[in-house]
Amino acid sequence: MKRKVLLIYTGGTIGMEKDYTTGSLVPFDFSTIFKRIPEMNLLECEVSVHPFEKPVDSSDMGPNEWRMIAEWIHKNYDAFDGFLILHGTDTMSYTASALSFMLKNLSKPVILTGSQLPIGDLRTDAKENLLTSLYYASLYENDEAVIKEVAVYFEYKLLRGNRSLKYSAEFFDAYQSPNYPILGQSGVHLNIEKDLLWKPKGEFELDIYLNEKVIFYRIFPGMNFESLLEFKTPEAIVLQVFGSGTIFNNEKTQNVLQELRSRGIEIVVISQCVSGGISFGKYSNSNIFTTIGGISGKDMTAEAAITKVMHILNNPKYDKSFSELFCENISGEVTEDF
């Protein structure tokens, strides 16, 4: 039996081709994808294509587009065995992270991929990324999906979506998962590490709630930390600090943080380091966060921390406090015993 996969094209380099009269990259007609990549007809799955009416550059992708994708998957959930989202590379990890929170308890694979070169380029990485992603999106054993989460496939590696980040704008091998092992790898054989896959905790459910009153703030030596008080509308701040959780140890910093908390603003702390994460108390310059009620982001990526805050902040579907919810491992985004 051939599995059915819904391919959702949002935009990005993977769907581009060169206009040789102008030299510019332009979107191509995705209805011709089977002519462009005839190998798709040889796959052991049936592929249906749903392109965005107007392709969206990944730098323009945001909460509205995340909701559109999540709602389309929900609408077609029973009709397809897997879903593949073609996406621009710059913000793919944000989209993957957001979807991992909005599409709760998946029992089917949702794979995101893209490419560094357009699909019409002779040296493109788009063909391999697309074909192998379709394989993973249609992978079943004993009539049950092997992958039951949101994942990113790129350059021979399958990564948990909310653990991924783009680290290179130049190389084909553009994505890393610094704090969680890769879920699978394609070589001579297509492998998958089943013990590392996320296991759903209940029935599939859609929750598209996202609170956009969130800011992201990266500290740096010599900065005017009081500028944080100039933001009038945030309900939460994701604060990216040094190392394992350190920040300037002076009265001005303490006063600013205490003032923010007195306004009811939640403060989530993540590390500027790609590998590792936050450990309050390891150094004295991190103790202020314990004092004011800051919340450790542990080893989460910035993309996952930001979208998780957006999803749980005052979400009426949850009955726990923000700090309790943020500390929970909702969809594999954090190492629980970090």
Side-chain angles (χ1 to χ4, degrees), residues 9-18 24-25 27 55-62 65-66 84-100 110-136 149-187 190-193 196 216 218 220 238 240 242-243 270-277 297 299-307 332-335:
Y9 171 62
T10 67
T13 302
I14 194 169
M16 297 290 183
E17 63 182 347
K18 182 176 287 188
S24 299
L25 293 176
V56 180
D57 188 273
S58 65
S59 60
D60 289 320
M61 294 287 287
E65 288 73 26
W66 301 341
L84 174 60
I85 301 163
L86 301 187
H87 196 290
T89 60
D90 288 341
T91 63
M92 190 189 304
S93 291
Y94 285 95
T95 300
S97 296
L99 290 176
S100 77
V110 174
I111 313 295
L112 289 89
T113 196
S115 66
Q116 295 286 65
L117 289 177
I119 207 165
D121 194 286
L122 288 175
R123 295 181 52 249
T124 186
D125 55 331
K127 182 181 291 188
E128 196 282 324
N129 285 348
L130 174 57
L131 292 174
T132 306
S133 292
L134 284 169
Y135 168 83
Y136 280 123
E149 60 178 290
V150 179
V152 167
Y153 179 80
F154 215 89
E155 188 63 11
Y156 307 114
K157 295 184 296 187
L158 183 71
L159 313 174
R160 174 161 295 161
N162 56 32
R163 292 288 195 145
S164 68
L165 56 85
K166 184 180 180 181
Y167 81 100
S168 176
E170 179 179 0
F171 298 110
F172 286 148
D173 188 11
Y175 281 82
Q176 287 184 345
S177 176
N179 293 318
Y180 196 77
I182 62 173
L183 303 179
Q185 193 161 15
S186 67
L190 291 169
N191 298 320
I192 193 158
E193 301 294 333
L196 298 174
F216 175 71
R218 180 184 174 103
F220 60 89
V238 178
Q240 195 173 44
F242 306 127
I270 63 171
S271 177
Q272 295 179 10
C273 298
V274 172
S275 180
D299 63 346
M300 292 176 63
T301 64
E303 294 88 341
I306 291 166
T307 53
E333 71 280 359
V334 65
T335 303

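Treat the numbers as computed from the prediction; the structure is a model and nothing was measured.
Closest non-hydrogen pair, His87 versus Leu112, comes out as CD2-CD2, 4.3 Å. Shown here for Thr307 and Tyr94, the closest heavy-atom pair between the two residues is CG2-O, 3.7 Å. Taking each heavy atom of Leu183 and Ala151 in turn, the nearest pair found is CD1-CB, 4.4 Å. For the pair Asn162 and Ser100, the tightest heavy-atom approach, listed with the atom from each and the gap, is ND2-OG, 3.0 Å. When every heavy atom of Leu159 is checked against every heavy atom of Ser164, the shortest pair comes out as CD1-CB, 4.1 Å. The minimum heavy-atom distance between Gly114 and Asn129, with the atom names listed, is O-ND2, 2.9 Å.
Counting only residues at least two apart or on different chains, the side-chain hydrogen bond (donor to acceptor under 3.5 Å, both in side chains) pairs with a member in residues 168-184 are Lys157-Asp173.
For the side chain to side chain contact (heavy atoms under 4.5 Å, CB included) criterion with Leu158, the lone passing option out of Ile111, Asn191, Val152, Thr113 is Ile111.
Ile306 places none of its side-chain heavy atoms less than 4.5 Å from the side chain of Met300. Between Thr89 and Thr13, the closest side-chain pair of non-hydrogen atoms is not below 4.5 Å. Between Lys166 and Met92, the closest side-chain pair of non-hydrogen atoms is not below 4.5 Å. For the pair Phe172/Leu117, a side-chain contact is recorded, criterion being any heavy-atom separation below 4.5 Å from C-beta on.
To the nearest 0.5 Å, the span separating OG on Ser133 from CD1 on Ile14 amounts to 7.5 Å. Taken from CG in Leu130 to OH in Tyr9, the straight-line distance is 12.0 Å, to the nearest 0.5 Å. One distance of note links CD of Gln185 with CD of Glu155; it measures 10.0 Å at 0.5 Å rounding. Here the CG-OG1 distance, from Leu165 to Thr301, works out to 6.5 Å after rounding to the nearest 0.5 Å.
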Margin query: Go through it in stages, so that I can follow the logic: the residues are Thr10 and Val56, the test is side chain to side chain contact (heavy atoms under 4.5 Å, CB included), and I'd like the CA-CA distance, side-chain angles, deciding distance and then a yes or no.
Written below: CA-CA 6 Å; Thr10 67; Val56 180; 5.6 Å; no
Walk me through whether Thr132 and Tyr153 qualify under side chain to side chain contact (heavy atoms under 4.5 Å, CB included).
CA-CA 8 Å; Thr132 306; Tyr153 179 80; 3.4 Å; yes
**Message:** Set out, in order, the CA-CA distance, both residues' side-chain angles and the distance that settles side chain to side chain contact (heavy atoms under 4.5 Å, CB included) for Phe154 and Gln116, then state yes or no.
**Reply:** CA-CA 10 Å; Phe154 215 89; Gln116 295 286 65; 4.1 Å; yes
Give the intermediate values and the outcome of side chain to side chain contact (heavy atoms under 4.5 Å, CB included) for residues Thr95 and Ile85. CA-CA 10 Å; Thr95 300; Ile85 301 163; 5.6 Å; no
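For Phe242, the CZ atom counts as densely surrounded, since its 6.0 Å shell holds more than 12 non-hydrogen atoms of other residues, nucleotides or ligands.
Using modelled atom types, one side-chain atom of Glu65 and one backbone atom of Gly62 make a donor-acceptor pair closer than 3.5 Å. At least one donor-acceptor pair closer than 3.5 Å links the side chain of Arg160 to the backbone N or O of Leu196.
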